[in-house]
Visitor: 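Following this message is one structure expressed as structure tokens.
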Number of protein chains: 2
Amino acid sequence: MREGKPIGLLLVQTAKAVSRAFEDELAARGGSRPVWLILLALMDGAHRTQADLAAAIGVRGPTLTHHLGGMERDGLLTRKRLPENRRVQVVALTAKGRATFHKLRQGAMSFDRDLDRRFTRAEMVTLRDLLGRFGASATVGFGPDS
Amino acid sequence: MREGKPIGLLLVQTAKAVSRAFEDELAARGGSRPVWLILLALMDGAHRTQADLAAAIGVRGPTLTHHLGGMERDGLLTRKRLPENRRVQVVALTAKGRATFHKLRQGAMSFDRDLDRRFTRAEMVTLRDLLGRFGASATVGFGPDS
DNA sequence: TATTGTTATACTCTATAACTATA
DNA sequence: TATAGTTATAGAGTATAACAATA
């Protein structure tokens, strides 16, 4: 016998509200969720190919190409072919890209601080455990500081 | 000093995965999230105007019009003007609309049962409390049975 | 004038299929 | 043939601005 709103719905609605607020925060600093995730992945530096990068942020190849195109037009990154294997594109952040990363990171961190204040240490441990129980995977954090 | 992945990110990523799975479940039964939410709101029957309905499912007027248009074309509902106030549209489910509701409701309930099994009663109480702490609002459940 | 909803239009994110270039 | 990525195209969901009809 379950009580109250379905837990999946509660989770999804809660996350939708939080997600919207987070995206507003990023937008106020000239970013968006996909741009933030790409910057994060590039700063972490662990990916090798665009296919890897796409997988890291959870989209398909053409979707990544789409976002990289926009970011390249905005001067956030450059793409150039590897001489040894000209099929591969090497994606690198520009100074502006790194600056944007830091700007967005500020927003992301302040956003998270606000959420964080609502829970005690113990509650946070419990919450992480319970969220983990839904069986989703995860990759990124706030990324490196420099 | 916080530890691990930002809690907001964890929440959003978890919800994204759950949400995607839920939408696949609805899609397998010929629905979608917005259609499900609209059917649910109409079965609950608490709204009065389309503006209310839009607010209940968290979208703007034109977005609702867009979805109602599709659902009307699909024969799930009818719209007609109130004689007393011809600005107001009265939205009503057809038999097909109600049938679709029940079909999607099966999917939603079986989906939620799967999630539910992963938690004890006590954990569920805790989880609801903690999710509530994020400060999101909420309206719907599984709706009425008939 | 204010209210209710629609139309016109557009943007963002995403995807699949077909293609180019390279290996 | 297989691989890395792009182009072409499309579709879902959302929004704002302007509008029509009604009150």
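Values below: every heavy atom of this structure, side chains too, minus hydrogens, waters and symmetry copies.
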Visitor: To the nearest Å, give me how far apart CG (A/Asp52) and P (D/dT3) are.
Guide: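 Taking atom P of D/dT3 as the reference, CG of A/Asp52 is at 14 Å.
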Visitor: Whole angstroms only, please: what is the CZ-C1' distance between B/Arg73 and C/dT6?
Guide: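 From B/Arg73 CZ to C/dT6 C1': 13 Å.
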Visitor: Any non-hydrogen side-chain atom of B/Thr14 less than 4.5 Å from a side-chain atom of B/Leu11?
Guide: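 Result no, sub-4.5 Å side-chain heavy-atom pair not found.
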Visitor: Where the side chain of B/Asn85 is defined as all heavy atoms beyond and including C-beta, which of D/dA23, D/dG13, C/dT6 is the nearest nucleotide?
Guide: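 Within the option list, the nearest is D/dA23.
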Visitor: Quick one: is D/dT6 close enough that its OP1 or OP2 comes under 4.0 Å of any side-chain N or O from A/Arg79?
Guide: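 Looking at the OP1 and OP2 atoms of D/dT6, one of them is under 4.0 Å from a side-chain N or O of A/Arg79.
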Visitor: List the residues meeting salt bridge (Lys or Arg N to Asp or Glu O under 4.0 Å) with A/Asp52, not counting sequence neighbours, and say none if there are none.
Guide: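 A/Asp52: salt bridge (Lys or Arg N to Asp or Glu O under 4.0 Å) contacts with A/Arg48.
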Visitor: Any side-chain N or O of A/Thr63 under 4.0 Å from OP1/OP2 of C/dA15?
Guide: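 Yes, because at least one side-chain N or O of A/Thr63 sits under 4.0 Å from OP1 or OP2 of C/dA15.
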Visitor: How far apart are the closest heavy atoms of A/Leu26 and A/Leu104, and which atoms are they?
Guide: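 Closest heavy-atom pair between A/Leu26 and A/Leu104: O-CD2, 3.8 Å.
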Visitor: Please pick, from D/dG13, D/dA15, D/dG5, the nucleotide with the shortest atom-to-atom distance to any side-chain atom of B/Val59.
Guide: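 Given the options D/dG13, D/dA15, D/dG5, the side chain of B/Val59 is closest to D/dA15.
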Visitor: Taking OP1 and OP2 of D/dA20, is either one under 4.0 Å from a side-chain nitrogen or oxygen of B/Arg81?
Guide: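 No.
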Visitor: Any heavy-atom pair between the side chains of B/Val35 and B/His67 that's under 4.5 Å?
Guide: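 Side-chain contact under 4.5 Å: no.
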Visitor: Heavy atoms under 4.0 Å, any strand shown: does A/Glu23 hit a base, just sugar-phosphate, or nothing?
Guide: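 Nothing: the residue A/Glu23, judged by heavy atoms under 4.0 Å, touches no strand.
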Visitor: Can you name the salt bridge (Lys or Arg N to Asp or Glu O under 4.0 Å) partners of B/Arg87, sequence neighbours left out?
Guide: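 So B/Arg87 forms no salt bridge (Lys or Arg N to Asp or Glu O under 4.0 Å) with any residue.
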Visitor: Measure CG/A/Leu37 against P/C/dT14 and give the value in whole Å, please.
Guide: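 It is 9 Å, rounded to the nearest whole Å.
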Visitor: Five pairs at each end of the helix from C/dT1-D/dA23 to C/dA23-D/dT1: take the axis at both ends and give me the angle between them to 10°.
Guide: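 Between the first-five-pair axis and the last-five-pair axis there is 30°.
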Visitor: By nearest atom, which of the nucleotides D/dT6, C/dG5, C/dT7 is closest to the A/Gln89 side chain?
Guide: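 Nearest listed nucleotide: D/dT6.
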Visitor: Closest to the A/Pro34 side chain: C/dT22, C/dC13, D/dT7?
Guide: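 From the listed options, C/dC13 comes nearest.
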Visitor: Do other residues, nucleotides or ligands put more than 12 heavy atoms under 6.0 Å from B/Arg60 CZ?
Guide: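 It does not: B/Arg60 CZ has 12 such atoms or fewer within range.
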Visitor: Roughly how many Å is it from CG in B/Asp24 to P in C/dT14, rounded to a whole number?
Guide: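 So the CG-P distance, B/Asp24 to C/dT14, works out to 15 Å.
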Visitor: Can you tell me which nucleotide in C/dG5, D/dT14, C/dT16 comes closest to the side chain of B/His67?
Guide: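 Looking only at side-chain atoms, B/His67 lies closest to D/dT14.
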Visitor: On the nucleotide D/dG13, are OP1 or OP2 found under 4.0 Å from the side-chain N or O atoms that B/Ser32 carries?
Guide: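 So the side-chain polar atoms of B/Ser32 do come within 4.0 Å of the phosphate oxygens OP1 or OP2 of D/dG13, strictly under.
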Visitor: Report yes if a side-chain nitrogen or oxygen of A/Arg87 is closer than 4.0 Å to either non-bridging phosphate oxygen (OP1 or OP2) of D/dT3; otherwise report no.
Guide: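 No, no such contact exists.
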Visitor: Is B/Glu123 salt-bridged to A/Arg133, going by a charged N under 4.0 Å from an acidic O?
Guide: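 Salt bridge: yes.
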Visitor: How long is the line joining CG of B/Leu68 and P of C/dT6, in whole Å?
Guide: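 So the CG-P distance, B/Leu68 to C/dT6, works out to 7 Å.
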Visitor: Do the ring planes of B/Trp36 and B/Phe22 sit parallel (below 30°), tilted (30 to 60°) or perpendicular (above 60°)?
Guide: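 Ring orientation, 0 to 90° scale: perpendicular.
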Visitor: Go through D/dT14, D/dT22, C/dA23 for me and flag the one nearest to the A/Arg86 side chain.
Guide: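 Among the listed nucleotides, the one closest to the side chain of A/Arg86 is C/dA23.
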Visitor: Find the distance B/Asp74:CG to D/dA12:C1' and express it as a whole number of Å.
Guide: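 Going from B/Asp74 (CG) to D/dA12 (C1'), I get 14 Å.
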Visitor: Of the candidate nucleotides D/dT22, D/dG13, D/dG5, which contains the atom at the shortest distance from the side chain of B/His66?
Guide: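 Selected nucleotide: D/dG13.
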Visitor: Within the 4.0 Å heavy-atom criterion, would you say A/Thr49 contacts the bases, only the backbone, or no part of the nucleic acid?
Guide: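 Answer is sugar-phosphate: A/Thr49 comes under 4.0 Å of backbone atoms only.
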Visitor: Does A/Ala51 or A/Arg20 map to a spot on DNA chain D nearer the 5' end, using the closest nucleotide for each?
Guide: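 Whichever sits nearer the 5' end wins; that is A/Ala51.
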